[in-house]
Amino acid sequence: YLNHEASIYQSEHRLRCKDGSYKWVFSRAKVLEWTEDHQPLRIIGTHSDISERKQAEYLLNEQSATLRSFYDSSPLMMGIVEIFDDDILHISDNLATAAFFGRQPTEMLGKWAKELGVPDQYAELWLKHYHASQTQQQPVRFEYAHKLQDTTHWLLVTVAFIGITESQRHRFSYVAQDISDRKKIELQLHEDEARFNELASASPGIIYTIIQDFNQSIRFEYVSSVLEDIYEISTTAAYENAGIVIDWMHPDDRQAYQDAVVHSANTLQPFRHEWRIITASGKTKWLQANSRPSRRENGEVVWHGVVIEITDLKQAEAAIRESEARFRDLADHAPVLIWIAGLDKLCYQFNKTWLDFTGRTIEQEMGNGWAEGVYPDDLQRCLEIYKTSFDAHQNFEMEYRLKRFDGEYRWILDTGIPRFDATGEFLGYIGSCADISDRKAVELALQQSEARYRNVNNQLEERIADLNQR
């Protein structure tokens, strides 16, 4: 200004107050009179206190940095696109999306799907669901198989309509999760179940799971169709009244059979017994049962086993497995719980998804309150990972169980990353959590089903060995 390069002087700077604190001020001035040697003689100006505005700008920048940090570090693919003339324009894509396609975010910025080489069938599929979300005015979720080079990835995608831009383009957001691992587990379970059903149908014996409740009543949880050939009754009738198998038993064998059942239930020892039945056609058949009992949490006793007709000493070959786990649908959109912690390691912010999940207030969760919902056996391990990573300013991942609002503990995958401001100063941590209970349940179900399959095979091999020795 003194060099006459500006018509007016203005500046933002900090002034020290009487109490030693500093305030941001905006100064604006103009020289009213100059000396002959062009030095200012009289100046008029104003000082405005802009401390609140500066504080608001700082908080806004910090919030923006936090959101950007979460956006770029999220394991979920997410971004913003616009639709025009049946093509998709990439406005913003996070690092996860770019990495999936083997690119950098800057390489995708402002590019149309056709420019990026996206196959027409994939672009058409996304366009279809983008339009559906706009028509329905709500997020739309879909799954599909996306092939990259020689690898096929299963993606779970949620798209949502945002609005219409000034350029009259329709803007949308997307979140995509690679669920290939879950799909592989599902496929293996389906194959195992199909193999089990084939074995059950081909087996010469009756494969069953039978339950005894508190009142000593029995019911079939599963019984194979071979029951119809051996007992000459329908499986429907057996499901409706499991006691029908005792009704067809030879009168002289009932007491010994019931004594063997009571002994097995009380001791949880394997049930092995031979008895006769008289079918509706008048045939008398000798049967042999081999099963292993266990007690469920509700006190019921369950037997998984096989009944073989030994009238003509036929060998049994079967495997029993009952699929006890049913896959639940994923949440309407990708479940993400977010928390933020300060320099003192204490959490001071949780998003609505977290609070809805736990059923607690923000006041209850703040500080270390969130730890009250962690399963006791998992808590110490989680705190050690959290504190060690926090002190080292390193990313971390940990799995633990978190109590949901209904009292149920759910397995959570918690990903934490350090936060830094624009100058590189450490601000604390931000974390995102995904509910992985379904994956854990599937893994447990697979392990249990494989164990049952091996147990039945062992029983059949033992029986076959006994028959061969006779």
Side-chain angles (χ1 to χ4, degrees), residues 1-74 78-82 84 89-95 104-111 162-173 338-352 362-363 366 393 417-430:
Y1 174 73
L2 295 179
N3 292 331
H4 302 285
E5 296 176 359
S7 61
I8 194 169
Y9 165 77
Q10 54 185 17
S11 173
E12 294 182 359
H13 54 275
R14 283 171 286 188
L15 289 178
R16 186 175 182 179
C17 302
K18 291 181 179 180
D19 60 2
S21 64
Y22 286 90
K23 287 188 176 182
W24 276 97
V25 297
F26 173 69
S27 298
R28 182 182 176 89
K30 184 175 183 180
V31 176
L32 297 179
E33 186 177 350
W34 299 82
T35 64
E36 292 181 357
D37 57 353
H38 301 292
Q39 295 299 317
L41 183 60
R42 285 194 304 146
I43 301 175
I44 186 173
T46 61
H47 294 295
S48 302
D49 186 345
I50 59 171
S51 299
E52 292 185 0
R53 193 197 78 190
K54 279 291 186 179
Q55 180 65 20
E57 289 177 353
Y58 176 80
L59 293 176
L60 180 60
N61 290 335
E62 181 181 352
Q63 183 182 37
S64 298
T66 296
L67 292 176
R68 171 56 64 177
S69 179
F70 167 72
Y71 179 73
D72 286 336
S73 63
S74 173
M78 57 181 67
I80 305 294
V81 300
E82 293 179 358
F84 183 76
L89 178 64
H90 287 257
I91 304 300
S92 174
D93 302 279
N94 72 345
L95 291 173
Q104 293 295 325
T106 53
E107 297 180 274
M108 303 181 68
L109 179 63
K111 296 293 180 63
I162 298 176
I164 301 177
T165 66
E166 293 182 358
S167 59
Q168 298 303 304
R169 291 174 181 164
H170 295 190
R171 179 166 287 189
F172 300 84
S173 67
I338 302 172
W339 55 266
I340 302 176
L343 295 174
D344 55 2
K345 296 186 177 72
L346 300 179
C347 294
Y348 64 86
Q349 186 62 51
F350 299 86
N351 71 337
K352 185 176 183 299
I362 185 75
E363 291 77 16
M366 286 180 63
H393 298 180
I417 59 169
R419 298 186 297 120
F420 300 92
D421 64 13
T423 65
E425 183 178 355
F426 177 63
L427 299 176
Y429 263 72
I430 182 171

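What you see below is based on every heavy atom in this structure, not just the backbone, and it leaves out hydrogens, waters and symmetry mates.
Between atom NE2 of residue His90 and atom CD of residue Glu107 there is a gap of 12.5 Å, rounded to the nearest 0.5 Å. The structure places OG1 of Thr46 at 7.0 Å from CZ of Phe26, a figure rounded to the nearest 0.5 Å. Between the NZ atom in Lys352 and the CD1 atom in Ile362 there is a gap of 12.5 Å [rounded to 0.5 Å]. Annotation: the span from Ser48 atom OG to Glu12 atom CD amounts to 10.0 Å, rounded to 0.5 Å. Here the NZ-CG distance, from Lys111 to Asp93, works out to 11.5 Å after rounding to the nearest 0.5 Å. One distance of note links CG of Leu32 with CD1 of Ile44; it measures 5.5 Å at 0.5 Å rounding.
Arg169 places no side-chain N or O within 3.5 Å of a backbone atom of Phe84 that could act as its donor or acceptor partner.
Ile43 places a side-chain heavy atom less than 4.5 Å from the side chain of Val31. Looking at heavy atoms from C-beta onward, Ile417 lies in side-chain contact with Ile430 at the 4.5 angstrom threshold. Using a 4.5 Å heavy-atom cutoff, the side chains of Arg28 and Ile8 are in contact. At least one side-chain heavy atom of Leu95 sits under 4.5 Å from a side-chain heavy atom of Pro105.
Relative ring orientation between Phe420 and His393 is described as perpendicular, the plane-to-plane angle rising above 60° on a 0-90° scale split at 30° and 60°. Below 30°, between 30° and 60°, or above 60°: for Trp339 and Tyr429 the angle between ring planes is below 30°, a parallel geometry.
Residues Pro418 and Phe426 share a closest heavy-atom pair of CB-CE1, 3.7 Å. Across all non-hydrogen atoms, the minimal contact from Cys347 to Phe350 is CB-CZ, 3.4 Å. Closest approach of Thr35 to Leu41, counting heavy atoms only: CG2-CB, 4.0 Å.
Applying the 6.0 Å contact sphere to NZ of Lys345 captures more than 12 heavy atoms from other residues, nucleotides or ligands.
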